[in-house]
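I have placed the structure first, in the form of structure tokens, so that the comments after it can refer back to it.
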Amino acid sequence: MSITLASTGFDSTIRLWSVTDHTEEHKFHIQGKSQINCLALSEEQDFLVAGGASAIYKIMLYEYDKAIETFQHHSGNVTDVKFYPRSQFVISSSEDGTVKFWNFQDRTIPTTFDLQTPVNCVCVLPVYGIVVAGTSDGRIHIINLKSSEVSHVINVKLGVSVQSISATSDGVLVFVGMRDGEVLVFSTISQEDEHFLPYISIPTHQRKDESDMLPLLMKPRIPTPDIDVCDSGWILHTRFKPHKKYLLKVCVCPLNMYFATASADCTAKVYNILDGLKPVNTFVGHRDWVFDVEFNSNSEFIVTGSSDCCVNVYDLESDTAILSFQGHEKPVTSIIINDVTAEEEDSDTESF
């Protein structure tokens, strides 16, 4: 089985790593020496999309002699890129204050949503046809792709940048990471909805009383003023601060069991979503800021990228790296890990 492990950073390169022999498999150079801030892998796993300084790059995998395509419709740093599932559409965010919806097949001018303030991140909720964008002024913008409009704006924490957003694959829970180290957990549906049951059920024998019908996820850990969700239907369930320094990334695992955070405190942390956000482990080993963290397909491993120019792989049960890839000359800002081929997505597979 082929495992795609890619990383990028401020050194204007995208590197593919061989997990089998722990070496660099290939290196792509971006012309113009643009720093690369983010990566995304197509659903067919045939190309990568990278976001740099005011441009988006399309890099064909395993066709190393093919030229890198450049798409230039942003006027500021591209901060995030995501694929819309089951399509060739790409969504990007930028410091120019816009979110763009790209069609790489016909190369038309992208649909643009102007949020009028720098946008740090985007998260796709395909079940609802929604994109959630986080901005530097402390707001999240809910973009309805069906009606092509920003349907709601939620003031999460004004004056504190929304740094990263991730969601469960069913779109039920949304994790919002703030620059000051705090994480807020929203649900997009009522807890009475049947789709919410996996996140609130506690075995009867573990309940102490009726209040234990809901796990800690439903009980705010820090007394805070209510957030006006602006008739969005969203509910703020809890907020807590896993890091004292800058939080740089939040990531929910593919199985919706865990979520991870990465921070300027040189660590990544993992929490159990199905056990009241109970801490699972704190991962050390980097000597500088951890910019990115990703799970593999079965959520047994995490991969991290850091300002120390290293890409580390950790077993979820161990706080020390089991693999470390070195070769970048400047900070690693984004990583991609995929250990399930397109043909295997509907079947049980082993990883790593």
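The pair E24-R15 meets the salt-bridge criterion, with a side-chain N (NZ, NE, NH1 or NH2) lying under 4.0 Å from an Asp/Glu carboxylate O. Ion pairing of K249 with E294 is present here, as a side-chain N (NZ or NE/NH1/NH2) and a carboxylate O approach within less than 4.0 Å.
Among all heavy-atom pairs drawn from S324 and N312, the shortest one is OG-OD1, 2.7 Å. Contact record, S166 with V250: CB-O, 3.5 Å, taken as the closest heavy-atom pair. Pairing each heavy atom of A133 with each of V122, the nearest pair is CB-CG1, 4.1 Å.
You'll find the ring centres of F295 and F301 outside the 6.0 Å limit. If you look at F47 and F83, their ring centroids are closer than 6.0 Å. Side-chain rings of Y57 and F71 stay apart, their centers remaining 6.0 Å or farther from each other. In this structure, F291 has its ring center at least 6.0 angstrom away from the ring center of Y246. Side-chain rings of H22 and W17 stay apart, their centers remaining 6.0 Å or farther from each other.
Between the side chains of T79 and S93, at least one donor N or O sits under 3.5 Å from an acceptor N or O. D80 and N120 share no donor-acceptor pair across their side chains, judged by distance under 3.5 Å alone. A donor-acceptor contact under 3.5 angstrom links the side chains of K100 and T112, judged on distance only. S297 and D339 share a side-chain donor-acceptor pair at under 3.5 Å. With hydrogens and angles left out, the side-chain atoms of N281 and E317 include no donor and acceptor closer than 3.5 Å. Looking only at atom types and distance, the side chain of T98 has no donor-acceptor partner in the side chain of D114 under 3.5 Å away. Remark: the S147 side chain and the E149 side chain contain an N/O donor-acceptor pair separated by less than 3.5 Å. No donor-acceptor contact under 3.5 angstrom links the side chains of H29 and S12, judged on distance only.
Shown are N298, N296, I302; of these, the side-chain contact (heavy atoms from CB on, under 4.5 Å) with L316 is made only by I302. Residue Y271 is tested with F240, F175, Y258 for a ring-ring contact (aromatic ring centres under 6.0 Å, His included); the sole match is F240.
Residues W234 and V185 fall within the same hydrophobic cluster, defined by Ile, Leu, Val, Met, Phe, Trp and Tyr side chains chained together at heavy-atom separations under 4.5 Å.
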